[in-house]
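In what follows, chains carry the letters A, B, and so on, assigned in the order in which the sequence lines appear, proteins first and then strands, with residues in each chain numbered from 1.
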Amino acid sequence: MRMTRLVAKTLREAPADAEAVSHRLLVRAGYIRRISSGVYSYLPLGFRVLRKIESIVREEFDAAGAQELLLPALQPIELWVETGRTKTMDDVLMRLEVRGADFVLGPTHEEAVIATVAQDIASYRDLPATVYQIQTKFRAEARPRFGLLRTREFIMADAYSFDVDQEGMRASYRAIFDAYCRAFDRLGITYYPVEADAGSIGGDVNHEFMVPAAIGEDHFALCASCGYKANIEAARRAAPEAEGSVAVPEMTEISTPGATTIDSAVAMISKAGHPMTSADMLKTFVASDDQGRLALFLVPGDRQVRLPHGYSPLDGDIFAEHPFLHRGYVAPMGMQARKLKVFADHSIKVPRGWTTGANRPDTHVMNALIGRDFEVDGFGDLVVVEDGDACPQCGEPLSLVRSVEAGHTFQLGLTYPEKIPSARFSAEDGSEAMYFMGCYGIGVSRLPAVVAEVTSDDQGLNWPISVAPFQVHLVAISHRRDPEVARVAEELYSSLGAAGIEVLFDDRDLAPGVKLNDADLIGVPVQLLIGPKGIASGVVELKRRDDRIRREVAVEEAQSATISLVAELLAEL
RNA sequence: CGGGGAGUGGCGCAGCGGCAGCGCACCUGGUUUGGGACCAGGGGGUCGGGGGUUCAAAUCCCCCCUCCCCGACCA
């Protein structure tokens, strides 16, 4: 590709609204253009990167035995009503009405894939089967940000597996999981498959593929010692040892007018002559399940609550319906009599006196003891893990890693077939059965930004050769004035092209500094510089973008040296 | 959805009652040519939209829209 023909212009300045490094660089280097909030076009350079990523994913999915198909982006809303996801995914669904009929623009395709294969997967003989697509998806993202990292329209490679039983599902899951690992390996970036929370998609076992990056909006817990990895939503910590019994004085009340937060209660009680910290408080969190049943969750006052699946925090209005719940002064004492279940984090087992609410306004109690002053119906992992918590597997300290979610794999099981009557097959014994599903997604259009985030430097982009828009950036310096430079450059351009190398040829009539800076900005992994200085002594310069070191090569050897450098980079991945 | 901020040429910005400007980019001619050159000339803007105040509005007032940041939310 000749840059005089390339539809792209490099910008000296990024748009003021571009925050993320990847966003700024992709715009400045001429890869993408913003059309609306969270909506981007791919210029030829950006599209080539996208295609490379798609190809890698396609090859690995194909190798895992999955079959590519294409599902509609435009879906009748009935499909979504059937699974109840018009409600559970209401906040992200893009709906539209066309001639009186209601549609959604698909944010994901579980419903659509089942509707599609219903008649084609009808017998145990048709199973197992895995299909996938590379498709544009839509989400009414509340706040698009960071360029390609969080958008309203995005491209995803999503796969769906169907199996006769759970064991089969596990095997299909493993096959796609392995395909994911191979695909991420080929992208040349560091990633971690971590245990994750299922979120609104439902299902059981699942993993997120996390790429550590400064811009990441997610965190996962990592144990450097044993390798335990889990998303912050799913991470657990080792429960502290529960010691034997200790003598705890009788529970006493203390007046705390207006102290409805942990911090204000701690301050007020300390000031009243009982020095304490938030770790001495028992935080009592009220939540309701999807049927509106209330439950209490107890965690130490210095920790954030991690509610189990299906529970959501009680909002203010609902609080008002339960006069025995005094906001800021809720405590577990006597709650079983109110028909509320009380769940506690493992750390609450430790016998000690807690300071907590008194279930009366403006009053706290001190020395509340588990088993004496309040009862717990069940223990669980109810706190959000923090840096330094003990690993649940080996006890060594965990660290939290900031990262971007680049892929997600789910074992859905029967979640969808249970809601969709057509999701059935005839089993070997002639009975009707539901198939076990898995679903898998890779954020294809997010990946150029993820790769850019972790590979770029202060000079610009720096692509791994597997996803770079071109393999070689041929820069001709002063070729309009030096016919010999022009001749050598043209010759190399065609001979490298003939050898199957993808070459971007900077044949623009610009100052050398501009062209060299642009080459670094655009980030093609191999640069081949042809200039009058070198040509005068029969050499050209070969440069790796990642180390920016130039190596002189005789003109006659330029082609073979370039080809072997490309091969070397390909082999490094 | 709550809080804050911004909309002036493709991008970055100045102007804040009196002729719409600057840098980059773009076009023409010339000079220049190894890490973001120079000279001369040129094209391009209903100043986000609507209404109002005023002799006069990019500028003041009201309404709306869009965008960005923080938070909430997050297949």
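- Ring pair His479(A)/Phe505(A) is tilted by interplanar angle, where 30° to 60° counts as tilted.
- C13(B) and A72(B) have their P atoms separated by 28 Å, with the value rounded to a whole Å.
- Comparing the same atom, C1', in G23(B) and in C19(B) gives a spacing of 22 Å after rounding to whole Å.
- When Watson-Crick and G-U wobble pairs are counted only if both distances are under 3.5 Å, G12(B) pairs with C22(B).
- The distance between atom CG of Leu149(A) and atom C1' of C74(B), rounded to the nearest whole Å, is 14 Å.
- The Asp17(A) side chain lies nearest to C68(B) when the options are G34(B), C68(B), G36(B).
- Rounded to whole angstrom, the span from the CG atom of Asp90(A) across to the P atom of A72(B) amounts to 20 Å.
- Remark on RNA chain B: of its neighbouring residues Glu217(A) and Gly534(A), the 5'-side contact belongs to Gly534(A), judged by nearest-heavy-atom nucleotide.
- Atom P of nucleotide C74(B) and atom CG of Leu307(A) are separated by 11 Å, given to the nearest angstrom.
- Glu141(A) comes within contact range of no nucleotide atom at all, as no heavy-atom separation falls under 4.0 Å.
- For the pair Lys87(A) NZ and C74(B) C1', the interatomic distance rounds to 20 Å; values are reported in whole Å.
- Across the protein-nucleic acid pair, Asp506(A) atom CG and G34(B) atom P stand 15 Å apart, rounded to whole Å.
- A donor-acceptor pair shorter than 3.5 Å can be found between the side chains of Tyr40(A) and His23(A).
- Considering only the side chain of Arg550(A), G35(B) comes nearest among G35(B), C26(B), C69(B).
- Side-chain proximity of Leu529(A) to G36(B), G34(B), C69(B): nearest is G34(B).
- Per the geometry, CZ belonging to Arg508(A) stands 12 Å off P belonging to A37(B), to the nearest Å.
- The nucleotide A40(B) finds its pairing partner in U28(B), both defining distances of the Watson-Crick or G-U wobble pair being shorter than 3.5 Å.
- The side chain of Arg152(A) sits closest to C67(B) out of G34(B), G36(B), C67(B).
- Using a 4.0 Å cut-off, no side-chain N or O of Ser36(A) falls inside it from OP1 or OP2 of U66(B).
- Base pairing annotation: G2(B) forms a Watson-Crick or G-U wobble pair with C70(B), both donor-acceptor distances under 3.5 Å.
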Can you list, pair by pair, the side-chain donor-acceptor contacts under 3.5 Å of residues 67-74 of chain A, counting residues two or more places apart and other chains?
residue	atom	partner	partner atom	Å
Glu68(A)	OE1	Arg58(A)	NE	2.8
Glu68(A)	OE1	Tyr132(A)	OH	3.4
Glu68(A)	OE2	Arg58(A)	NE	3.4
Glu68(A)	OE2	Arg58(A)	NH2	3.1

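- Base engagement by Pro107(A) is indicated by at least one non-hydrogen atom pair under 4.0 Å involving a base atom.
- Nearest to the side chain of Ser37(A), among C74(B), G34(B), C67(B), sits C67(B).
- No engagement by Asp158(A) is indicated, since no non-hydrogen atom pair under 4.0 Å with the nucleic acid exists.
- Checking Tyr416(A) against Arg85(A) by side-chain atom types alone, a donor-acceptor pair falls below 3.5 Å.
- Look at the C1' atom in both C38(B) and C24(B): the space between them is 16 Å, to the nearest Å.
- Summarising the base pairing, U59(B) is matched to no nucleotide, lacking a Watson-Crick or G-U wobble pair whose two defining distances lie under 3.5 Å.
- Across G36(B) and G21(B), the matching P atoms stand 32 Å from one another, rounded to whole Å.
- Judged by distance alone, with hydrogens and angles left aside, Lys543(A) brings a side-chain donor or acceptor within reach of the base of G35(B), the pair sitting under 3.5 Å.
- Residue contacts shown for Glu541(A) include a base, since a base heavy atom lies under 4.0 Å away.
- A side-chain N or O of Asp518(A) and one of Thr10(A) form a donor-acceptor pair less than 3.5 Å apart.
- When the P atom of G10(B) is taken as reference, atom CD of Glu13(A) falls 16 Å away, rounded to whole Å.
- At a threshold of 4.0 angstrom between heavy atoms, the contacts of Tyr440(A) with the nucleic acid are absent.
- Looking at Arg150(A), its side chain comes within 3.5 Å of the base of C74(B) through a donor and an acceptor atom.
- Looking at heavy-atom distances under 4.0 Å, Arg480(A) makes no contact with the nucleic acid at all.
- Nucleic acid contact class of Arg548(A) (heavy atoms, under 4.0 Å, all strands): base.
- Among the nucleotides U32(B), A72(B), G35(B), the one closest to any side-chain atom of Arg143(A) is A72(B).
- Residue contacts for Asp518(A): at a heavy-atom cut-off of 4.0 Å it reaches a base atom on one of the strands shown.
- A donor-acceptor contact closer than 3.5 angstrom is absent between the side chains of Asn517(A) and Gln459(A).
- Candidate nucleotides G35(B), C68(B), G36(B) were compared by shortest atom distance to the side chain of Arg34(A), and C68(B) ranks first.
- Here the separation of A25(B) from C74(B), taken at their C1' atoms, is 39 Å to the nearest Å.
- As judged by a 4.0 angstrom heavy-atom cut-off over every strand, Lys515(A) is placed among residues making no nucleic acid contact.
- Considering only side-chain atoms of Pro532(A), the nucleotide from C11(B), G34(B), G36(B) that sits closest is G34(B).
- If Val514(A) and Glu19(A) are placed on RNA chain B by their nearest nucleotide, the residue sitting closer to the 5' end is Val514(A).
- Separation of the C1' atoms belonging to C27(B) and C1(B) is 49 Å when rounded to the nearest angstrom.
- Distance, Arg545(A) CZ to G35(B) P: 17 Å, rounded to whole Å.
- Contacts of Val92(A) with the nucleic acid, taken as non-hydrogen atoms under 4.0 Å apart, are absent.
- In this structure, a donor-acceptor pair under 3.5 Å is present between the side chains of Gln75(A) and Trp80(A).
- Residues Asp158(A) and Gln133(A) have side chains that bring a donor and an acceptor to within less than 3.5 angstrom of each other.
- Listed candidates were G34(B), U33(B), G35(B). Nearest to the side chain of Ser478(A) is U33(B).
- The two residues Lys515(A) and Asp507(A) make their nearest non-hydrogen contact at NZ-C, 4.2 Å.
- Nucleotides G50(B) and G43(B), compared at atom P, are 27 Å apart to the nearest Å.
- The nucleotide whose nearest atom lies closest to any side-chain atom of Pro512(A) is, among C73(B), C68(B), G34(B), G34(B).
- Judged by Watson-Crick or G-U wobble contacts below 3.5 Å, the nucleotide G34(B) has no partner.
- Taking the C1' atom of each, G3(B) and C73(B) are spaced 16 Å apart, rounded to whole Å.
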